[in-house]
Amino acid sequence: MKVNFISLAFALVVIATCSSFQVSKEPKKPKNIIIMIGDGMGVSQMSASYYYAKKEPNFSRFPIVGLSKTSSGSHKITDSAAGATAISTGKKTYNGAIGLDMDKECAETLLEYLSKEGKSTGLISTSSITHATPASFFAHEKSRKSAASIAKQMLEAPVDFFAGGGLKYFESGSLIKDLESKGFSINTTGLDKSPLRLNNTSTKFGYLLASDGMPKMINGRGEFLKEASELCIEFLNKDEDGFFIMIEGSQIDWGGHANNSQYVISEVLDFDQAVGAVLDFAEKDGNTLVIVTADHETGGFTLGGKSKKVPFGGLVSDYDEIDPSFSTRGHSSAMVPVLAFGPGAEMFSGIYENTEIHAKILKLLK
Ligand code: MG
Ligand code: ZN
């Protein structure tokens, strides 16, 4: 009996020591950081993937979930420029601003900062690579509409890999040759892997695969987002100092603006496929922090029951049949999900401003 008391006391001391050790433990510093932005992907858009996917969505693989408040510095409802700038620079700004603060001063982006820290960088988007979301990671511009000027800024930006649409903005400024003279291998035909493996002279890779935005999923875009993400990881993972990648599912937003639920859902499912590929890498790697979030919600999208007529007049909502619908052609102020996986992921639970995503990443790296 006495022995049992001693071993019990010993066990309690061990438990107390271990749990206090865990509480004070600093989060592990990630080597690689991948931010995935579903443009316009609110909680309802993400929920839709659970009703329309053939198997459990990859979103379920995240252990940590938070919510981000998306209002901009100028409006209760943000646009994609201010939304992405908040994530990339940690600063609330006015709607339309690309990589600038409220005073129109340059704000350093995560991509620029992490490049200075020695990491390789990549940008992938299903819109033009000059569009508001990717632009807010490499450019600084008073208006998101200045696509030509944004394209030109790619020449000086510390970007090692990019893939998306927007060829016309680079062609009209004769920027393809300029990019090549800066060490880029530019591909305008497809996600050909061979340049990455065979070309020893190029150190950077750019894929411009559509004149402006990439085709819609419902028009046959195929697996571009997933394959470009895998290609980018394969290329940048050679850097011993790690990498930073921003991957955008741009057209969830465009489906919302069009109030086209089939468009929205197909784009969310495509985004989730890219999320799965990224998580496959991150799980094996063990040193990669993956954040999945959105800049804002688009369309006031909801998943109510289909209205059905009942005998003797009147309508009821059929709780067995979902009828996705919209409340606006614009964005909404609804909070958006933040999913986190990998070293430091636990920092991303809770409800916070979109600018905190940037602050939490910097805190983890210091
Ligand atoms: Mg966007
Ligand atoms: Zn939008």
Side-chain angles (χ1 to χ4, degrees), residues 35-42 44-46 68 70-72 74-89 93-99 109-111 122-139 141 143-147 150-151 154 159 162-166 169 208-210 212-217 221 224-225 228-229 245-261 263-264 266-268 270-271 274-275 291-301 326-337 354 357:
I35 296 185
M36 303 186 72
I37 299 179
D39 196 318
M41 188 183 73
S44 278
Q45 283 84 350
M46 203 177 77
S68 158
T70 65
S71 291
S72 73
S74 63
H75 292 80
K76 289 192 180 75
I77 301 176
T78 189
D79 82 319
S80 292
T85 297
I87 297 168
S88 81
T89 72
T93 189
Y94 61 93
N95 285 3
I98 302 287
T109 73
L110 263 179
L111 184 142
L123 291 172
I124 299 164
S125 170
T126 54
S127 63
S128 164
I129 204 73
T130 60
H131 210 266
T133 313
S136 298
F137 284 81
F138 75 89
E141 194 64 51
S143 166
R144 58 182 289 168
K145 290 175 189 153
S146 310
I150 291 167
M154 186 61 94
V159 176
F162 65 86
Y169 303 109
L208 291 166
L209 303 180
D212 200 344
M214 296 291 291
K216 301 176 171 106
M217 277 313 284
R221 187 169 72 237
F224 162 79
L225 194 59
S229 303
I245 308 173
M246 192 292 296
I247 299 164
E248 186 200 18
S250 320
Q251 300 192 31
I252 301 165
D253 174 68
W254 300 358
H257 285 295
N259 280 194
N260 179 337
S261 58
Y263 190 0
V264 170
S266 58
E267 294 295 333
V268 175
D270 175 60
F271 183 63
V275 167
I291 308 282
V292 173
T293 188
D295 47 356
H296 54 73
E297 193 277 342
T298 305
F301 187 63
F326 299 86
S327 62
T328 172
R329 292 233 162 221
H331 301 169
S332 81
S333 60
M335 286 191 263
V336 296
N354 51 6
I357 295 171

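Every number for a ligand or one of its atoms is a count from 1 in the order of the listing. Here the structure is a predicted model, which means the values were calculated and not measured.
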| the Mg ion (ligand 1) contact by Ser80, N, O or S atom under 2.8 Å | no
| Within the stated cut-off of 2.8 Å, is an N/O/S atom of Asp253 closer than that to the Mg ion (ligand 1)? | no
| request: Tell me whether His331 has at least one N, O or S atom under 2.8 Å from the Zn ion (ligand 2). | output: yes
| Short check: any N/O/S atom of Asp39 below 2.8 Å from the Zn ion (ligand 2)? | no
| said: Please name the atom of Asp39, limited to N, O or S, that comes nearest to the Mg ion (ligand 1). | reply: OD2
| task | Name whichever N, O or S atom of Glu248 ends up nearest to the Mg ion (ligand 1). | result | OE2
| task | Have a look at Phe137 and tell me which of Ile87, Val159, Ile98, Ile245 forms a side-chain contact (heavy atoms from CB on, under 4.5 Å) with it. | result | Ile87
| If you measure only the distance, is there a donor-acceptor pair under 3.5 Å linking the side chains of Asn354 and Ser68? | no
| query | Can you tell me if Ser250 and Ser125 form a side-chain donor-acceptor pair at under 3.5 Å? | reply | yes
| request: For the pair Phe301 and Phe326, name the ring-plane relationship: parallel under 30°, tilted 30 to 60°, perpendicular over 60°. | output: tilted
| task | For the atoms NE2 of His257 and OD1 of Asp253, give the angle they form at the Zn ion (ligand 2), rounded to 10 degrees. | result | 90°
| Option among His331, Gln45, His131 that satisfies the side-chain hydrogen bond (donor to acceptor under 3.5 Å, both in side chains) test with Asp253 | His331
| Pairwise distance OG1(Thr298) to CD(Gln251) - rounded to 0.5 angstrom | 12.5 Å
